[in-house]
Colleague: 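Here you go, one structure.
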Amino acid sequence: MNKIKLIIAREYLTRVKKRSFIIMTILAPVLMAALIITPAIIAAKAMESQKNMNVLVIDDNEFFINKLEENAFTTFTYRSGDINDFKKELFSGNYDAVLHITKSDAALRGNLYFKDDPPSRFVPDLESQLDKQLFDKLLMDTFNIQPKQFEAYKQTTQATISSIKVDEMGNEKTSFAMVSKVVGMVCGFIIYFFIFMCAQQVLRGVLEEKTNRIIEVLISSVKPMQLMLGKIVGVAMVGLTQFVLWIVLTLILIVGVQFALPNLFTGNSEIVQTAMQNPVQGETLSSIDFQQFTGQNSLFEVIQNYFNFSFTTLLLCFLFYFIFGYLIYASLYAAVGSAVDAETDSQQFLLPVTIPLILTIMMIMPIAEEPNGSLALWMSMIPLTSPVAMLIRLPSGVPLYELLLSMALCVAFFFFCVWLASKIYRIGILMYGKKTTWKELGRWIRY
């Protein structure tokens with residue numbers, strides 16, 4: 001046991017002292033924080049620098065006069081006469097654009113004249129205003145209905161269905177399936193990335209020691225299985241250390257920027273509110289009071305109050321599946337690394353190992369769309385796919401017995417993988433200059 005601890009300490013300290021580890025540990029949080037902060041800064045700067053448009057409106061129909069809505073960035077001035085006389089106004093500096101609404105008995109046509117390009121949303125916003133005015137005119141002229149009355153009718157005839165999840169105790173909680181799907185897919189992608197990244201380090205570490213003949217010295221002092229377990233656990237601790245540091249440093253950077261620029265994220269609250277109220281794939285979050293949603297004391301309370309899953313449960317399950325998913329794949333990667341002489345030769349053996357996890361990522365949308373379906377259920381039970389599949393399902397709600405069964409299968413399969421990998425590792429680690437075949441691997445396992 002002491003020898004395993006020494007190997008773990010050696011693997012851990014050797015890797016965390018590497019320059020590449022230190023650089024990536026610092027650089028990755030900066031990049032992640034930049035991905036969050038930069039769009040907010042750009043959006044805030046865009047709002048500050050948005051061009052003020054002073055628009056001259058020439059309406060040949062004389063219907064839209066004094067009816068277009070102004071805002072902080074757009075003002076309208078109404079005139080009548082020949083459009084050619086007013087185009088010169090663009091070069092006098094009095095107006096930024098001239099809107100000419102032509103007279104027509106059919107579809108409304110208009111021309112916008114400008115010297116400098118207007119903002120990208122300016123023309124669509126104008127079209128929306130003109131459409132609304134024409135629709136209101138149709139309501140009054142054809143159906144004798146006032147626009148405000150029509151809006152009231154729309155409000156009273158809209159159907160709203162709230163999704164409410166009920167547990168066995170009769171407790172109710174409003175369900176937001178879209179949020180659960182997104183959280184599940186994000187967790188699945190993260191755990192997929194870290195499993196492959198850390199398992200690959202084990203493979204390269206084994207190959208490096210085998211190529212440099214260091215393994216021959218180590219084997220004289222420790223058993224092959226002890227060496228393999230020490231390497232696997234040491235790399236796992238390195239991965240967890242880096243993962244925790246990434247989260248902590250990213251949060252520190254984001255919180256620091258928020259303290260330095262307190263209005264950076266709140267300045268775009270109207271945009272966020274509008275996005276939340278827009279239906280996405282048949283769902284809407286408009287039933288959530290926006291101020292109530294964003295005014296919670298902490299992220300934990302928001303998750304606990306509004307979503308189907310417990311943040312604590314999600315975090316603990318993420319750590320469990322990360323650890324055991326990594327241990328399963330790392331032991332198989334260690335076995336492959338011991339059986340070959342170069343990383344290029346390992347692909348034929350890694351392909352069957354990695355296909356289940358890649359298949360799970362390919363099936364991420366069907367699993368998220370139907371988290372309690374047969375596909376999601378079976379993939380969350382098979383140990384080679386459950387680390388990703390169960391994390392995708394978990395935010396949508398998983399029965400406790402299914403979760404416990406999946407965890408038990410993961411633990412049992414890990415011990416099987418360690419036994420299998422140790423059989424290959426003890427022989428393959430000392431084999432040089434020979435191409436290993438599947439038949440030979442089978443002989444090593446039976447030996």
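This chain uses plain numbering: 1 for the first residue, then up along the sequence. Model, not experiment: these values are computed from the prediction.
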Colleague: Carefully, step by step, assess Thr75 and Asn54 under the rule side chain to side chain donor-acceptor pair (under 3.5 Å).
Modeller: CA-CA 5 Å; Thr75 56; Asn54 190 3; 3.2 Å; yes
Colleague: Decide yes or no on ring-ring contact (aromatic ring centres under 6.0 Å, His included) for Tyr113 and Phe86, but give the supporting numbers first.
Modeller: CA-CA 10 Å; Tyr113 301 95; Phe86 294 109; over 10 Å; no
Colleague: Could you give the distance from CD1 (Ile232) to CD1 (Ile328), rounded to the nearest 0.5 Å?
Modeller: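 Those atoms lie 11.0 Å apart.
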Colleague: Distance check, rounded to the nearest 0.5 Å: Phe122 atom CZ versus Glu127 atom CD?
Modeller: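 The CD atom of Glu127 is 11.0 Å from CZ of Phe122, to the nearest 0.5 Å.
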Colleague: Name each donor-acceptor pair under 3.5 Å that joins a side chain in residues 353-361 to protein atoms two or more places apart or in another chain, with its distance.
Modeller:
from, atom 1, to, atom 2, distance (Å)
Thr354, OG1, Leu350, O, 3.0
Thr354, OG1, Leu351, O, 3.3
Thr360, OG1, Pro356, O, 2.7

Colleague: Excluding sequence neighbours, so at least two apart, what forms ring-ring contact (aromatic ring centres under 6.0 Å, His included) with Phe114?
Modeller: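 Scan of Phe114 (ring-ring contact (aromatic ring centres under 6.0 Å, His included), adjacent residues dropped) gives none.
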Colleague: Just checking, Lys67 and Phe63: is the charged tip under 6.0 Å from the six-membered ring centre and within 45° of the axis?
Modeller: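 Yes, a cation-pi geometry holds between Lys67 and Phe63.
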Colleague: Who are the salt bridge (charged side-chain N to carboxylate O under 4.0 Å, His left out) partners of Asp136, not counting sequence neighbours?
Modeller: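 With neighbours one apart ignored, the set is Lys132.
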Colleague: The criterion is salt bridge (charged side-chain N to carboxylate O under 4.0 Å, His left out); which residues satisfy it with Lys87, sequence neighbours excluded?
Modeller: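 Expected list: none.
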Colleague: I'd like to check the ring-ring contact (aromatic ring centres under 6.0 Å, His included) partners of Phe349; sequence neighbours left out, ordered by chain and number.
Modeller: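 ring-ring contact (aromatic ring centres under 6.0 Å, His included) list for Phe349, sorted by chain: Trp438.
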Colleague: Between Val235 and Tyr326, is there a side-chain heavy-atom distance shorter than 4.5 Å?
Modeller: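 They are in contact (side-chain heavy atoms under 4.5 Å apart), so the answer is yes.
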Colleague: With side chains defined as the heavy atoms from C-beta onward, is the minimum distance between Ile58 and Leu99 less than 4.5 Å?
Modeller: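 Contact flag for Ile58/Leu99 side chains = no.
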Colleague: Go through the steps to decide whether Asp59 and His100 satisfy the test side chain to side chain donor-acceptor pair (under 3.5 Å), and finish with yes or no.
Modeller: CA-CA 6 Å; Asp59 181 13; His100 179 213; over 6 Å; no
Colleague: Mind checking ring-ring contact (aromatic ring centres under 6.0 Å, His included) for Phe320 and listing every partner two or more places apart, or none if nothing turns up?
Modeller: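 Counting only residues at least two positions away or on another chain, Phe320 forms a ring-ring contact (aromatic ring centres under 6.0 Å, His included) with Phe324.
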Colleague: Looking at Ser386, Ser380, Ser406, which one forms a side chain to side chain donor-acceptor pair (under 3.5 Å) with Arg393?
Modeller: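 So, applying the side chain to side chain donor-acceptor pair (under 3.5 Å) to Arg393 and each of Ser386, Ser380, Ser406, only Ser380 qualifies.
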Colleague: Show your working on ring-ring contact (aromatic ring centres under 6.0 Å, His included) between Phe414 and Trp419 and close with a plain yes or no.
Modeller: CA-CA 9 Å; Phe414 160 66; Trp419 171 82; over 10 Å; no
Colleague: Return the CG to CD distance between Leu377 and Glu370, rounded to the nearest 0.5 Å.
Modeller: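 Reported value, rounded in 0.5 Å steps: 11.0 Å.
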Colleague: Are side-chain heavy atoms of Met185 and Met365 found at a separation under 4.5 Å?
Modeller: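 Yes, side chains in contact.
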